[in-house]
Amino acid sequence: MFNYKISRGRERGNRFQSSHFFYRLSLRRRVSKFLQNGQSSLRRIRSAAASGHGEVSLVLSTDEHGGVTCSYGGEQSLVTVFAKLINSESQLYQDPQGAVRPSHRRGLRTFIAEKMNIQILPEHKLSSVAPLKQCDVEKKEVELILVKDQNGVQYTSSSIISTPGNRVGLPGASPEGDRETWGKKIDFLLSVIGFAVDLANVWRFPYLCYKNGGGAFLIPYTLFLVIAGMPLFYMELALGQYNREGAATVWKICPIFKGVGYTVIVIALYVGFYYNVIIAWSLYYLFSSMTRELPWLKCGNDWNSVNCTDPDHINGSVLGNGTYAKYKITPAAEYYERGVLHLHESKGIQDLGLPRWELTLCLVVVVFILYFSLWKGVKSSGKVVYITATMPYIVLFVLLIRGITLPGSMEGIKAYLNIDFNRLNNLEVWIDAATQIFYSLGAGFGVLIAFSSYNKFNNNCYRDALLTSTVNCVTSFFSGFAIFSVLGYMAQKHNVRVQDVATEGAGLVFIIYPEAIATLPGSTFWAIVFFIMLLTLGIDSSMGGMEAVITGLTDDFKILKRNRKLFTFATAFGTFLVALFCITNGGIYVLTLLDKYAAGTAILFGVLIEAIGVSWFYGVDRFSEDIERMMGFKPGLYWRLCWKFVSPAFLLFVVIASTLTSGGLKYDDYTFPYWANILGWGVAMSSMLFVPFYAIYKFFSVPGTLKEKIAYCITPEHEHHLVASGNVRQFRLRHWLAI
């Protein structure tokens with residue numbers, strides 16, 4: 001029993017019959033910043049105490065439902081005040097003398113929470129987290145004495161008495177002590193930045209910016225960052241940090257949407273199947289660079305075709321109407337497609353062949369790096385990112401300094417920044433900006449939820465969201481200078497336009513850029529540095545995706561959490577086995593299929609449902625109150641409007657645009673057969689179908705009438721006891737209109 005006694009000397013005045021309130025307790029090791037000063041809170045309630053002498057006792061005791069019963073007795077006017085202090089908007093007891101100021105309402109609740117080392121919340125403002133499994137919590141009897149004298153109510157003494165006997169289980173969020181946390185704040189920030197800043201920041205954004213009007217492209221890009229990218233980023237960080245759960249179990253806030261969690265976990269797993277292969281390519285190139293002469297500098301190697309042409313003999317007249325970037329018979333292009341991928345030995349996706357042993361060894365190394373980075377949780381991964389998240393910035397800066405010293409570099413940078421406002425009249429530019437900002441920030445993969453779930457409860461995730469999302473976008477823009485300075489050099493060297501050498505994707509980082517590096521003095525050094533950058537860019541992003549899978553499933557299935565090291569190995573080994581299909585002779589076709597369908601429309605659909613679930617079904621107002629409990633301030637109207645209206649509308653726009661602009665699957669001049677497109681949509685649907693299938697399962701697995709079933713499905717799990725009484729928040733219009 002938790003026993004609180006608030007005393008004011010002798011009893012005086014009329015007594016009244018005790019009333020009972022039912023509360024839930026959310027177990028926390030520390031309360032949020034605005035709930036931390038108990039003595040200050042007592043001074044705040046001084047004005048609320050009635051004058052004279054009297055005695056009021058407040059008794060909170062656990063019941064069989066895992067909740068707490070609060071009873072009080074004493075002088076009515078004073079008790080009314082204290083009832084209001086604990087339950088700010090209680091409908092169980094109406095105060096005939098008016099409400100008490102919010103600071104007063106928080107005061108007593110704060111003080112009690114600190115003395116019990118827990119967080120006591122009003123029923124209607126609780127976090128939507130499911131009750132804990134029975135945990136061992138020592139019974140305590142706490143006596144607080146408040147003495148009224150001529151100067152008001154003064155705190156005099158308190159005692160916490162351990163009570164022997166049985167232990168009780170308390171519902172609420174996971175105790176912070178039971179969940180691993182980041183060793184340092186910088187570990188979390190570097191992990192988020194490392195995940196968000198990936199290969200796409202280098203091989204996709206600079207080309208999109210150049211292609212879509214240069215500096216003019218920054219207008220729609222920045223707009224979508226502010227109205228959709230940052231709000232979604234902030235939402236996921238706050239969601240994970242408050243509920244301290246992975247992508248699946250976080251949906252205790254609205255059980256019917258738990259399928260969304262499984263969707264993003266499966267997508268993160270799919271991405272790991274092929275993303276690790278790209279890292280393996282980078283590792284292979286890194287090993288190949290450790291020679292006196294880079295292997296892609298000249299023709300005459302075993303992998304070269306008879307048509308291989310020395311780059312010095314290629315100029316604008318040879319290319320004709322084609323572009324240098326699409327010229328496939330240069331030594332660098334043939335090294336990539338024939339020396340590394342062995343694409344010439346495959347006739348198509350139906351003719352894969354066996355895995356290449358060289359790439360298999362590189363893939364084994366990548367998987368082992370991932371495993372030993374993640375096997376001990378964030379304590380180990382938080383240290384790895386000190387290297388993987390910072391190294392790309394050092395290398396980019398070094399490459400930029402070297403790039404701007406090359407002849408023709410300024411022409412490349414001018415082409416990168418050339419402003420063409422007429423391009424903004426093209427819808428494709430806006431679609432490219434929307435999709436790029438979405439994929440660049442990495443919302444929806446469950447990674448941000450997983451990472452933030454290991455934060456301390458009162459961490460300022462608002463500041464983190466602004467900082468990390470800004471760093472990510474600035475990195476994308478900055479990398480363009482390092483890329484286009486070298487492309488300008490290449491254009492001048494071959495006497496062609498910048499647009500003839502500009503490209504994106506693997507063609508940029510595995511063909512064009514390596515070819516440029518091979519012509520520089522000290523080419524071996526520059527190649528090693530460049531591929532180390534690619535390796536580190538990929539490793540921490542892949543670590544984030546795998547952590548989302550591991551955290552999401554271990555939080556849902558406790559047997560996996562108890563055997564995290566074994567499960568981490570099983571996950572890494574499973575991704576390795578599937579990735580073997582991507583390092584066969586025709587593996588590039590499998591990789592292209594997965595890249596288009598595994599994380600294309602499926603991830604957009606998943607985040608759209610996630611935004612609707614949080615903003616509409618759980619409620620922006622309640623979500624904002626959760627944030628207020630963590631950080632002491634409520635998100636502004638701008639953020640709430642973005643979460644409720646702008647972000648879902650933005651995601652709907654991107655989903656529709658992505659679907660309408662999606663064509664048949666192609667790789668260069670190779671067109672995939674019809675069955676490959678069907679297979680691709682099957683991969684996409686295999687993750688998206690978790691949403692409706694789980695919703696159907698949940699509906700039929702809960703008891704009650706049709707209305708009660710719906711209520712159980714959309715009501716946070718900690719409020720399920722309200723369903724029987726018909727007190728369901730989502731059945732009231734006020735819930736849907738609240739902002």
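Just so it is clear, the structure is predicted and the values come from calculations on it, not from any experiment.
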Next item on the list: Enumerate the residue pairs fulfilling ring pair (Phe, Tyr, Trp, His ring centres under 6.0 Å) with a member in residues 385-410, sequence neighbours excluded, ordered by first and then second residue.
Entry: none
Kindly write out the residues that satisfy side-chain contact (heavy atoms from CB on, under 4.5 Å) with [X], not counting sequence neighbours, or none if the list is empty.
X: Ser346; answer: Asp351, Asn585, Tyr589
X: Ser452; answer: Phe188, Leu237, Gln241, Asn455
X: Phe372; answer: Phe368, Trp375

Indicate every side-chain donor-acceptor pair of residues 514-534 with a distance under 3.5 Å to a residue at least two apart or in another chain.
residue : atom : partner : partner atom : Å
Glu515  : OE1  : Tyr324  : OH           : 3.3
Glu515  : OE2  : Tyr324  : OH           : 2.2
Thr519  : OG1  : Tyr489  : OH           : 2.8
Thr519  : OG1  : Ala516  : O            : 2.7
Thr524  : OG1  : Thr291  : O            : 2.6
Trp526  : NE1  : Pro521  : O            : 3.4

Got a sec, which residues hit salt bridge (Lys or Arg N to Asp or Glu O under 4.0 Å) with [X], two or more places apart in sequence or on another chain?
X: Asp187; result: Lys383
X: Asp198; result: none
X: Arg338; result: none

Next item on the list: State, with a plain yes or no, whether a side-chain heavy atom of Leu297 is found less than 4.5 Å away from one of Pro331.
Entry: no
Next item on the list: Answer yes or no: is there a side-chain heavy-atom contact under 4.5 Å between Leu399 and Ile483?
Entry: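 Result no, sub-4.5 Å side-chain heavy-atom pair not found.
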Any ion pair linking [Y] and [X] (charged N to carboxylate O, less than 4.0 Å)?
X: Lys328; Y: Glu334; result: no
X: Lys211; Y: Glu504; result: no
X: Lys326; Y: Asp500; result: no
X: Glu411; Y: Arg497; result: no

Could you work out, with ring-ring contact (aromatic ring centres under 6.0 Å, His included) as the rule, every residue matching [X], not counting sequence neighbours?
X: Tyr275; answer: none
X: Phe650; answer: Phe224
X: Phe205; answer: Tyr221

Item checked: Residue pair Asn276 / Ser542, side-chain donor-acceptor N/O under 3.5 Å -> yes
Next item on the list: Please determine, by modelled atom types, if Ser288 and Tyr335 share a side-chain donor-acceptor pair under 3.5 angstrom.
Entry: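 A pair is found: one side chain offers a donor N or O, the other an acceptor, under 3.5 Å apart.
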Margin query: With side-chain hydrogen bond (donor to acceptor under 3.5 Å, both in side chains) as the rule and sequence neighbours excluded, what pairs involving residues 277-286 come up?
Written below: none
